[in-house]
Engineer: 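Got a structure for you, written out below as structure tokens; questions coming shortly.
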Amino acid sequence: MILYHLTNGTLRFNEIKQHLLFITPRMLTKQLRELESVGLVNRKIFPEVPPKVEYSLTEKGQSLKPILLLLKSWGEQHALPVLINQYSNNE
């Protein structure tokens, strides 16, 4: 999901966090570092106080964009209706 949100461009940590409601800051940091270590995400640090850090997809990460968009489309067609149905049955 992090990669998907970065397909729209560069985001700061808190902007990514806003898209991923159920992730802790610690887990988000861990995931971003892992994505950076495998060459999918760029991390750019600006020498400011407070520190400003931006994340973006690398060229390798950009190559996943068509796949990520297809997964989003599939989820909207198949997974989302299941979740909506489960939620409405619980009421």
Side-chain angles (χ1 to χ4, degrees):
M1 290 191 65
I2 294 168
L3 293 173
Y4 170 75
H5 291 295
L6 289 173
T7 61
N8 295 321
T10 301
L11 295 172
R12 295 180 68 180
F13 184 90
N14 285 332
E15 292 171 320
I16 298 170
K17 177 76 175 88
Q18 288 174 359
H19 290 290
L20 307 171
L21 302 177
F22 300 106
I23 193 168
T24 64
R26 181 177 179 204
M27 184 54 70
L28 179 56
T29 298
K30 181 180 178 189
Q31 292 294 310
L32 285 166
R33 287 183 181 158
E34 186 175 321
L35 292 168
E36 182 183 13
S37 74
V38 295
L40 296 175
V41 171
N42 280 322
R43 181 175 181 245
K44 185 174 182 181
I45 304 168
F46 295 87
E48 304 178 357
V49 177
K52 177 181 173 183
V53 180
E54 292 182 342
Y55 297 91
S56 61
L57 293 177
T58 62
E59 190 173 319
K60 184 178 175 182
Q62 286 286 348
S63 71
L64 290 170
K65 189 172 182 176
I67 297 164
L68 295 168
L69 295 175
L70 284 171
L71 284 170
K72 177 186 181 281
S73 177
W74 184 91
E76 289 171 343
Q77 292 174 7
H78 301 285
L80 191 57
V82 170
L83 291 173
I84 290 170
N85 189 35
Q86 286 177 345
Y87 179 76
S88 63
N89 288 338
N90 290 334
E91 290 183 354

Engineer: Find out whether His19 and Leu11 are in side-chain contact, i.e. whether some heavy atom of one side chain is under 4.5 Å from a heavy atom of the other.
Structural biologist: yes
Engineer: Check Lys30 with Glu34, please: is the shortest side-chain N to carboxylate O separation under 4.0 Å?
Structural biologist: no
Engineer: Can you tell me how far the CZ atom of Arg33 sits from the CG atom of Leu28, to the nearest 0.5 Å?
Structural biologist: 10.5 Å
Engineer: How many angstroms lie between atom CZ of Arg43 and atom CZ of Phe13, to the nearest 0.5 angstrom?
Structural biologist: 10.0 Å
Engineer: Is Met1 reachable from Trp74 through a run of hydrophobic residues whose side-chain heavy atoms are each under 4.5 Å from the next?
Structural biologist: no
Engineer: If only atom types and distance count, is the side chain of Lys44 paired as donor or acceptor with the main-chain N or O of Ser56 below 3.5 Å?
Structural biologist: no
Engineer: Counting only heavy atoms not in Glu48 (residues, nucleotides, ligands), do more than 12 fall under 6.0 Å from its CD?
Structural biologist: yes
Engineer: How close do Leu57 and Gln62 get, heavy atom to heavy atom, and via which atoms?
Structural biologist: CB-NE2, 3.8 Å
Engineer: Spell out, as yes or no, whether a donor-acceptor pair under 3.5 Å connects the side chain of Ser73 to the backbone of Leu69.
Structural biologist: no
Engineer: Might you point out which heavy atoms bring Thr7 and Lys65 nearest each other, and give the distance in Å?
Structural biologist: O-NZ, 3.4 Å
Engineer: If you define the side chain from C-beta out and look only at heavy atoms, does anything of Val41 sit under 4.5 Å from Leu3?
Structural biologist: yes
Engineer: Quick check on the hydrophobic clustering: are Leu68 and Leu20 connected, directly or via other members, by side-chain heavy-atom contacts under 4.5 Å?
Structural biologist: yes
Engineer: Hey, does Leu32 have a side-chain heavy atom less than 4.5 Å from the side chain of Ile16?
Structural biologist: yes
Engineer: Consider only side-chain heavy atoms of I, L, V, M, F, W and Y, link residues closer than 4.5 Å, and tell whether Tyr55 and Phe46 are in one cluster.
Structural biologist: no
Engineer: What are the two closest heavy atoms between Thr58 and Gly39, and how far apart are they?
Structural biologist: OG1-O, 2.5 Å
Engineer: With rounding to the nearest 0.5 Å, note down the distance linking CD in Gln31 to CD in Glu36.
Structural biologist: 13.0 Å
Engineer: Is there a continuous path of hydrophobic side-chain contacts, each under 4.5 Å between heavy atoms, that joins Ile45 to Leu6?
Structural biologist: yes
Engineer: Sequence neighbours excluded, which residues qualify as side-chain hydrogen bond (donor to acceptor under 3.5 Å, both in side chains) partners of Lys17?
Structural biologist: none
